[in-house]
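Read the structure below first, then the notes.
Naming convention: chains lettered A, B, ... in sequence-line order (proteins, then strands); numbering from 1 in each chain.
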Number of protein chains: 2
Amino acid sequence: MSNKDNKIEAEMNRGFLQIMVLLALENPMYGYMMIRFIENIGYSVVENTLYPMLRRFEKNGWISSSWDVKHDRPKKYYEITNEGKTVRNKLLRIWQKQNGVITKLLEEVKNG
Amino acid sequence: MSNKDNKIEAEMNRGFLQIMVLLALENPMYGYMMIRFIENIGYSVVENTLYPMLRRFEKNGWISSSWDVKHDRPKKYYEITNEGKTVRNKLLRIWQKQNGVITKLLEEVKNG
DNA sequence: ACTAATACTGTTTACCACACAGTATGTCAA
DNA sequence: TTGACATACTGTGTGGTAAACAGTATTAGT
């Protein structure tokens, strides 16, 4: 059951995580930093989800990266591109539409 | 590109569609009826997404079904179960949490 | 020296949205 | 009366992604 619950949450993360990451990368950030950033705002992502996602987004041209090798360990900073912003806005519009549908249906459920 | 966009929307539907269907099935409905119902509230699902989903949910015990063979074509009516309502509420809590995160991040983006 | 935190890469699995394909009945206009 | 369209469902295959599992290497604290 806890197993099935994890599956549910994984499904819920699809779509949402993409928006969250694209919004977060309005400010440059590297992977590990983002994991903690996300925890600070009350959510969580695991490494094995976030890192492949960042590589995928870069491949898509939605974000760009640059290595910071000046301070201690090398850090790969990512930042959203203009194309990424376009995608982000598109995703946000879909999200808001979906949120409207949910709100509407919820009201109907409440009002019997 | 339009191809990639479709993929994005497919991803956005994961999670959301589950909530929408579980909310809609507060009132008994059969598949085809739900497709039109969803269109009426300003969204859309294709048959090949909805029908397998309904079968899956029934297998999970989230919804139950019964055939209506009295009127013209046979219709498979589905309805949410108590277990389904528990799942639905869980999904809604996740959705609202995610919505909170997005709202928060959006404000930060707007405020520079 | 050892442990934990930091910061990343690589491979594999399970699941799902949707495309593609098919079956069968009911309705209505030319 | 036939042919198109709506209704109502089932079945199979594909591609993309979250997350499990696994590994590498550096730095900080004890």
Using a 3.5 Å cut-off and no angle test, enumerate the donor-acceptor pairs between side-chain atoms of residues 20-44 of chain B and protein atoms at least two apart in sequence or in another chain.
{"unit_1": "B/E26", "atom_1": "OE1", "unit_2": "B/R88", "atom_2": "NH1", "d": "2.6"}
{"unit_1": "B/Y43", "atom_1": "OH", "unit_2": "A/Q98", "atom_2": "NE2", "d": "2.9"}
{"unit_1": "B/Y43", "atom_1": "OH", "unit_2": "B/N13", "atom_2": "OD1", "d": "2.7"}

Exercise. Roughly how many Å is it from CZ in B/F37 to P in D/dT7, rounded to a whole number?
Worked result: 17 Å

For this session: Please confirm whether the backbone N or O of A/K70 pairs with a side-chain atom of A/D68, one donor and one acceptor, at under 3.5 Å?
Result: yes

Problem set entry | DNA chain C contacts made by residues 19-35 of chain B, counting heavy atoms under 4.0 Å |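 Under 4.0 Å from DNA chain C: no residue of residues 19-35 of chain B.
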
Exercise. Going 5' to 3' along nucleotides 25-30 of chain D, which nucleotides have protein heavy atoms under 4.0 Å from the base (write B), which only from the sugar-phosphate (write S), and which from neither (write -)?
Worked result: -BS---

For this session: Indicate for each nucleotide in nucleotides 10-18 of chain D, in 5' to 3' sequence, whether protein heavy atoms under 4.0 Å reach the base (B), only the sugar-phosphate (S), or nothing (-).
Result: BB---SBBS

Problem set entry | Distance-minimising heavy-atom pair for A/N60 and A/E83 |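 Smallest interatomic distance, heavy atoms only, reads O-OE2, 3.5 Å.
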
Exercise. What are the two closest non-hydrogen atoms of A/L54 and A/I63, and how far apart are they?
Worked result: O-CD1, 3.3 Å

Problem set entry | Results of side-chain contact (heavy atoms from CB on, under 4.5 Å) for B/V46 - residues two or more places apart only |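 Partners of B/V46 by the side-chain contact (heavy atoms from CB on, under 4.5 Å) criterion, ordered by chain and then number, come out as B/T49.
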
Would you give the length of the straight line joining atom [atom1] of [X] to atom [atom2] of [Y], rounded to the nearest 0.5 angstrom?
X     : Y     : atom1 : atom2 : answer
B/F16 : B/E9  : CZ    : CD    : 12.0 Å
A/Q96 : B/N99 : CD    : CG    : 8.0 Å
B/K76 : B/Y78 : NZ    : OH    : 4.0 Å

Exercise. Can you check side chain to side chain contact (heavy atoms under 4.5 Å, CB included) on B/K85 and B/W62, steps first, answer last?
Worked result: CA-CA 7 Å; B/K85 287 184 187 180; B/W62 301 348; over 6 Å; no

Exercise. For B/L91 and B/Q18, what are the C-alpha separation, side-chain angles and deciding distance, and is it a side chain to side chain contact (heavy atoms under 4.5 Å, CB included)?
Worked result: CA-CA 8 Å; B/L91 295 181; B/Q18 313 203 12; 4.0 Å; yes

For this session: Mind running side chain to side chain contact (heavy atoms under 4.5 Å, CB included) on A/E107 and A/T103 for me, showing each step along the way?
Result: CA-CA 6 Å; A/E107 273 168 27; A/T103 305; 3.9 Å; yes

Exercise. Of all nucleotides in DNA chain C with an atom under 4.0 Å from a non-hydrogen atom of chain B, which is the first and which the last going 5' to 3'?
Worked result: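 Range of nucleotides touched by chain B: C/dC15 to C/dG26.
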
Problem set entry | Steps toward side chain to side chain contact (heavy atoms under 4.5 Å, CB included) verdict (B/N111, B/E108) | CA-CA 5 Å; B/N111 302 336; B/E108 280 173 29; 6.0 Å; no

For this session: Look at B/R36 and D/dA6 and indicate whether a side-chain polar atom (N or O) is within less than 4.0 Å of OP1 or OP2.
Result: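 Answer no for this pair, as no side-chain N or O of B/R36 is under 4.0 Å from OP1 or OP2.
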
Problem set entry | B/E58-B/S65 side chain donor-acceptor pair, cut-off 3.5 Å | yes

